[in-house]
Amino acid sequence: PISSCRLTCAKAGEESARGSYLSFFDGNKDEYVRRYSSFPDTLKAKMKDMAKEMFYFGYDNYMKYAFPEDELNPIDCEGRGPDVLNPSNININDVLGNYSLTLIDTLDTLLVLGNVTEFQRAVKLVIDTVSFDKDSTVQVFEANIRILGSLISAHILLTDPKHPFGKVGFEGYDNELLHLAHDLAVRLLPAFENTSTGIPYPRVNLKSGVPPDSINETCTAGAGSLLVEFGILSRLIGDSTFEWVARRAVRALWNLRSNETGLLGNVVNIQTGQWVGKQSGLGAGMDSFYEYLLKSYILFGEKEDYWMFQAAYESIQNHLRRGRESCNEGEGDPPLYVNVNMFSGEIMNTWIDSLQAFFPGLQVLNGDVDNAICLHAFYYAIWKRFGALPERYNWQLQAPDVLFYPLRPELVESTYLLYQATKNPFYLHVGMDILQSLEKNAKVRCGYATLHHVVDKSKEDRMESFFLSETCKYLYLLFDEDNPLHKSDNKYIFTTEGHVVPIDKRFREKQWNDLFPYVTRFDGKNHLLLSQSQSFLCSLQCNRIPEERRYALPLKSVYMRQIDHMVGLF
């Protein structure tokens, strides 16, 4: 998705004298410069192999001990499906639908790793064994990003005439993955019925629709992050229904934002439109809502999505960002995005959560590389301290509030995107640190286990599907400079579950008209007109990155030391 950024930044870099900055650091190398300013090719090759081995250790053991169940329990070497005895166990049942989740979620990772043979075998297994005609109640959001997104991605890559991964199609493939995706999406549609706002119910039963005891509350991310997958499906099959319901939900949420701040809350009542959770932040309950405004625009070219994203981004900068104005110069605290009341903008608590670590990657896509560098450094400092990211970290107490780490990918994702944008070796070191921490702290008999406690490193017997579909994929891509994704003429974007989707003119063409007439202006504060937001995505900020950071550290040592101190590293 960011090859255009890379080109713009690279050109800017070639125009300056590299040597003068490098000589500035020679003879004056502090610990940060010594540690991070180079990364040999031999080490890069070693880390690429290590990431590949990590993936296969998890994947092969899933196929050996767990398939066709949804997940692998890596400590006991057993499969795991929905908790049928305890339907209220939503931690498990929201995600596991008794539909071979890990296999489906992993399909395009096999291609990214170059394993065409296993990809084809896995696709055939899915076609032969997976059915969605199940008495399973699942979360619409999770089924969408993990299952629907993966089926669509694998189908597109299978049928791509440009063959970025070589000839991966096989004789007899008759769009079965697309048919499966369509079948699943139809089973998710009841979530959008009988809601007076158009915001969907959070859960559906794949056989019987919305359960009679369903709650009327949903989170902003869950309801507002369906547009990429539903939109691509609509455009692939020529049926506007799916895009229409997803877009209606986004607009409904958008219209509920605060007139004072332009912010949204994190939990809403789908019948009344009242905010049940008034916290506005970048993490759980909010994260992918922002991500999909921008990614929907990149994929579909709908200008309304970009207006909404720009307005949301401005509100975030105005009300959530704390700390000094500039990331890499001046006095004051490092920039940090806090959780605030959506109406008043006042701080509601003093923690951030690990899901927020996706935001630097989104800032890269938006061209705001300077802010991305700074925020990423904060999460990396927390990782260095614990060898993982605690689910919640209290920045005031310098201690975790919620202690577990379920092998989440968000920090790796932002590291990968920052490396693609800057090519700075610092980010290869970050990736190596993460790889080595996972290998040391999470590896168990048959895979990689959730850390129950980031301090004492005790474990839970669970390996979520996103570990293989995202964490391993981004780690591998970070070190694989020659990957077809990086070399292909196609440009790609990743869904919020890390599934690969080409930016394709097919997805910018609709076979229907006037379902989504453009909104020409927004009222209220912080809502930009199109004319103000035309300077597009990646090239915006490249010229703001001082040369020394391209060839030494992305963040000056004094500020890295400040952040390390802020999280209690010394």
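Basis for what follows: all heavy atoms, side chains included, without hydrogens, waters or symmetry-related copies.
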Does the ring centre of [Y] sit less than 6.0 Å away from the ring centre of [X]?
X: Y474; Y: F494; value: yes
X: Y337; Y: F359; value: yes
X: H452; Y: Y405; value: no
X: F309; Y: Y297; value: no

Stepwise side-chain contact (heavy atoms from CB on, under 4.5 Å) check, F242 with V186: CA-CA 8 Å; F242 305 100; V186 167; 3.9 Å; yes
Does one side chain, of [X] or [Y], offer a donor that lies under 3.5 Å from an acceptor on the other?
X: N349; Y: N339; answer: yes
X: Y56; Y: N115; answer: yes
X: Q356; Y: Y379; answer: yes
X: D133; Y: S131; answer: no
X: N269; Y: N216; answer: no
X: S288; Y: S225; answer: yes
X: D480; Y: N483; answer: yes
X: H499; Y: D105; answer: yes
X: E229; Y: Y292; answer: yes
X: N205; Y: T137; answer: yes
X: E291; Y: T496; answer: yes
X: Y59; Y: E118; answer: yes
X: R146; Y: S465; answer: yes

With a 4.5 Å heavy-atom cut-off, do [X] and [Y] have their side chains touching?
X: V138; Y: L206; answer: yes
X: V250; Y: L293; answer: yes
X: R235; Y: F300; answer: yes
X: C77; Y: R445; answer: yes
X: Y173; Y: H155; answer: yes
X: Y380; Y: D433; answer: yes
X: N366; Y: Y306; answer: yes

Sidechain N-carboxylate O distance under 4.0 Å for R251, E304: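 A salt bridge links R251 with E304.
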Side-chain ion pair, R247 and D305, N-O less than 4.0 Å: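 Here R247 pairs with D305 in a salt bridge, since their nearest N and O are under 4.0 Å apart.
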Cation-pi check, K124 onto F170 ring (under 6.0 Å, within 45° of axis):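 The answer is yes, since K124 meets both limits relative to F170.
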Charged tip of K443 within 45° of F57 ring normal and under 6.0 Å: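 Yes; both conditions hold, so K443 lies above the ring face of F57.
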Do you know the tightest heavy-atom contact between [X] and [Y]?
X: A154; Y: L107; value: CB-CD1, 3.9 Å
X: L188; Y: A143; value: CD2-CB, 4.2 Å
X: Y201; Y: N194; value: OH-O, 3.4 Å

Residue of the set V454, L411, T415 for which side-chain contact (heavy atoms from CB on, under 4.5 Å) holds with W383: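 Of the listed options, the one satisfying the test is L411.
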Trace of the salt bridge (charged side-chain N to carboxylate O under 4.0 Å, His left out) decision for R80 with D70: CA-CA 6 Å; R80 178 202 291 258; D70 286 313; over 6 Å; no
Plane angle bin for Y393 and F378 - parallel if under 30°, tilted between 30 and 60°, otherwise perpendicular: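 Perpendicular: the ring planes of F378 and Y393 meet at over 60°.
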Mutual orientation of the aromatic rings belonging to F467 and Y448 [parallel < 30°, tilted 30-60°, perpendicular > 60°]: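 F467 vs Y448 ring planes: tilted.
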Check against side chain to side chain donor-acceptor pair (under 3.5 Å), D504 and N490: CA-CA 8 Å; D504 190 323; N490 274 13; 5.8 Å; no
Residues E497, R408; criterion salt bridge (charged side-chain N to carboxylate O under 4.0 Å, His left out); working and verdict: CA-CA 11 Å; E497 184 73 7; R408 289 200 189 280; over 6 Å; no
Step-by-step side chain to side chain donor-acceptor pair (under 3.5 Å) determination, Y65 to N73: CA-CA 9 Å; Y65 295 110; N73 286 355; over 6 Å; no
Working for salt bridge (charged side-chain N to carboxylate O under 4.0 Å, His left out), residues D108 and K473: CA-CA 9 Å; D108 64 313; K473 179 187 284 153; 2.8 Å; yes
